[in-house]
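So the structure is just underneath, and the comments pick up after that.
These numbers come from a predicted model, not from an experiment. Numbering of residues begins at 1 and proceeds along the displayed sequence.
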Amino acid sequence: MNVRRSAAVLAATVVIGTATPAVAASPSPSPSLPSGLYGSSDPTYDGVWRQSLALIALYRVHDQLPAEAVEWLAGQQCANGAFPAFRANPAKACDAKLMVDTNSTAVAAQALSVVGGHGGAVTKAVAWLKSVQNKDGGWGFAPGGASDANSTSVVIGALITQHTPVSTIRNGGKSPYDALLKLSLPCADGGAFAYQPDKKGKLRANADATAAAVVAARGTNFVTARADTDRETTCADATALTPARAAANGASFLAEAVAKDGYLKSVLPGAEDQPDYGNTADAVVALAAQGGPEAARGPLAWLERNSAKWAAQNGPAAYAQLILAAEASGADPGDFGGTDLVKELTATGPAQVTASQEDSEDSEDSGTSVWWMIGAGLAAGAGIGFLLSSRNKRKRP
């Protein structure tokens, strides 16, 4: 979960896979964005992702969800249940030219599972995800692509919405956890998770993949991850590796990675040695889910001191990530280092109309009444597309 999806999509078009993207927002807004969309940058590579994270974040803080925003997301779904990163013309049936992916589908399923009234859409999305499960039990970014830790983890999050034991979802006798554990490194290599094996089959520690995998291995997701109880964050090899053991090992790796500076560093090829805000937010969620509030205290405090400018530059997905980090670790999203994250996120999306405003505007009986605008917004959300990109690195998705 991170402002990182555009590079993943671009990479997938070449190699069917991603590398955990973490990108800055587009330098200029798209000229024709639908009214229901969060953010003003081109949604081509992250529209569904950022919309879903925004709705999940607002749900978690018990904020009202704008109907336009929900309907826009629901309108992105194809008839077979899958979601693309962005569907420019929802009125047109999806065809083979439209690239759908597991990450957009899985995060949309999680978002629609909490908004109410979209149970059928969630069921269709999960059914499609099951239909493209690899024989090793996992998922790649694109259907049929080699399984990776990030994609498998976000799909596990979607499966959890159906209240079916993840271990029972199998292909070739393998479950999603089988695929995830194959990407877990031994303690001698830090106990982290790899994104995918490299060309020589070697596993290399990846902090973003580790954060995603820890959350999934704990049996939770974007909607439910929180620091309920304190568990160990030490690494210990086991003859029979379990999801719980792998989660503890991964958390140990993350704790060590943030111990010195309080943040994770960017690993983009050619990038300067600099903080990776999105991955650090993901690590806070993972550490809180595994080790409780104390385990996440250091990187959370660093984000509170340093993330305001990053979030303002990157928009809704960034604000949503910070809200999820705050929520998971018991912090206040309304006063996060002096920033009201909920207010800032809400400001990037459609305005929520209150009952008093509706009554007042309706009584004026004008051609530009709120009722007319709501109708127009819903029509746009159901039948228009948009353009934006926002993540680059990961998908570290």
Side-chain angles (χ1 to χ4, degrees), residues 1-9 11-12 17-22 45-57 73 81-85 100-114 122 125-126 128-130 132-134 137-143 145-162 166 169 175-177 179-180 183 193-196 206-225 243 247 250 278-279 281-283 285-286 289 317 320-321 324 328 390-391 393-397:
M1 47 191 198
N2 157 5
V3 181
R4 65 193 177 188
R5 194 80 31 182
S6 109
V9 178
T18 58
T20 8
Y45 302 115
D46 81 328
V48 166
W49 183 268
R50 78 185 189 214
Q51 190 83 348
S52 298
L53 283 190
L55 292 174
I56 292 170
L73 179 60
F83 282 78
V100 295
D101 68 85
T102 61
N103 289 237
S104 297
T105 303
V107 74
Q110 293 184 51
L112 292 175
S113 72
V114 300
V122 176
V126 172
W128 180 81
L129 289 167
K130 291 178 181 179
V132 297
Q133 184 180 19
N134 292 332
W139 287 264
F141 180 80
S147 297
D148 68 75
N150 294 81
S151 299
T152 299
S153 295
V154 73
V155 173
I156 287 174
L159 298 176
I160 289 170
T161 68
Q162 299 294 285
V166 173
I169 310 301
S175 79
Y177 287 135
L180 206 56
L183 297 171
F193 284 81
Y195 172 72
Q196 279 178 334
N206 182 301
D208 181 50
T210 300
V214 167
V215 172
R218 280 260 51 102
T220 187
N221 60 15
F222 292 150
V223 178
T224 60
N279 281 357
D282 291 349
V285 175
Q321 278 185 274
L324 295 179
S390 77
R391 311 160 87 152
K393 164 174 137 221
R394 176 221 292 244
K395 237 161 179 262
R396 293 87 246 64

Heavy-atom pair with the smallest gap, counting every atom of Gly140 and Ser151: C-OG, 3.5 Å
Side-chain heavy atoms of Ile156 within contact of Tyr177, under 4.5 Å: yes
Per-pair distances, 0.1 Å, donor-acceptor, side chain in residues 210-219, under 3.5 Å, sequence neighbours excluded:
from, atom 1, to, atom 2, distance (Å)
Thr210, OG1, Phe193, N, 2.9
Thr210, OG1, Phe193, O, 3.3
Thr210, OG1, Asn206, O, 2.7
Arg218, NH1, Gln290, OE1, 2.9

Reported CG-to-CG distance for the pair Leu183 and Asp148, which is rounded to 0.5 angstrom: 8.0 Å
Nearest heavy atoms of Ala149 and Ala209, plus distance in Å: CB-CB, 3.9 Å
Beyond-backbone contact of Pro176 with Leu159, side-chain heavy atoms, under 4.5 angstrom: yes
Leu53 CG to Gln321 CD distance, which is reported to the nearest 0.5 Å: 6.5 Å
Ser153 side chain to Asn150 side chain, donor-acceptor N/O pair below 3.5 angstrom: no
Rounded distance [0.5 Å steps], CD in Gln133 versus OG in Ser147: 8.5 Å
Main-chain N/O of Trp139 paired to Thr152 side chain as donor or acceptor, under 3.5 Å: yes
With sequence neighbours excluded, residues passing side chain to side chain contact (heavy atoms under 4.5 Å, CB included) with Val114: Tyr59, Val223
Those residues that, when tested against Thr161, pass side chain to side chain contact (heavy atoms under 4.5 Å, CB included) (two or more places apart): Gln110, Ser113, Val122, Val126, Asn221
Contact check, side chains of Ser52 and Phe222, non-hydrogen atoms, under 4.5 Å: no
Test item: Thr105 side-chain N/O and Phe83 main-chain N/O as donor-acceptor pair under 3.5 Å: yes
Point-to-point distance, once rounded to the nearest 0.5 Å, from CG of Leu129 to CD1 of Ile169: 10.5 Å
For Ala54, side chain to side chain contact (heavy atoms under 4.5 Å, CB included) partners two or more places apart: Tyr38, Leu345
Closest heavy-atom pair and its distance - Ile56, Val107: CD1-O, 4.2 Å
Distance-minimising heavy-atom pair for Ala225 and Thr220: N-OG1, 3.0 Å
Ala108 to Leu73 - nearest heavy-atom pair and separation: CB-CD1, 4.2 Å
Side chain Asp101, main chain Ser104, donor-acceptor under 3.5 Å: yes
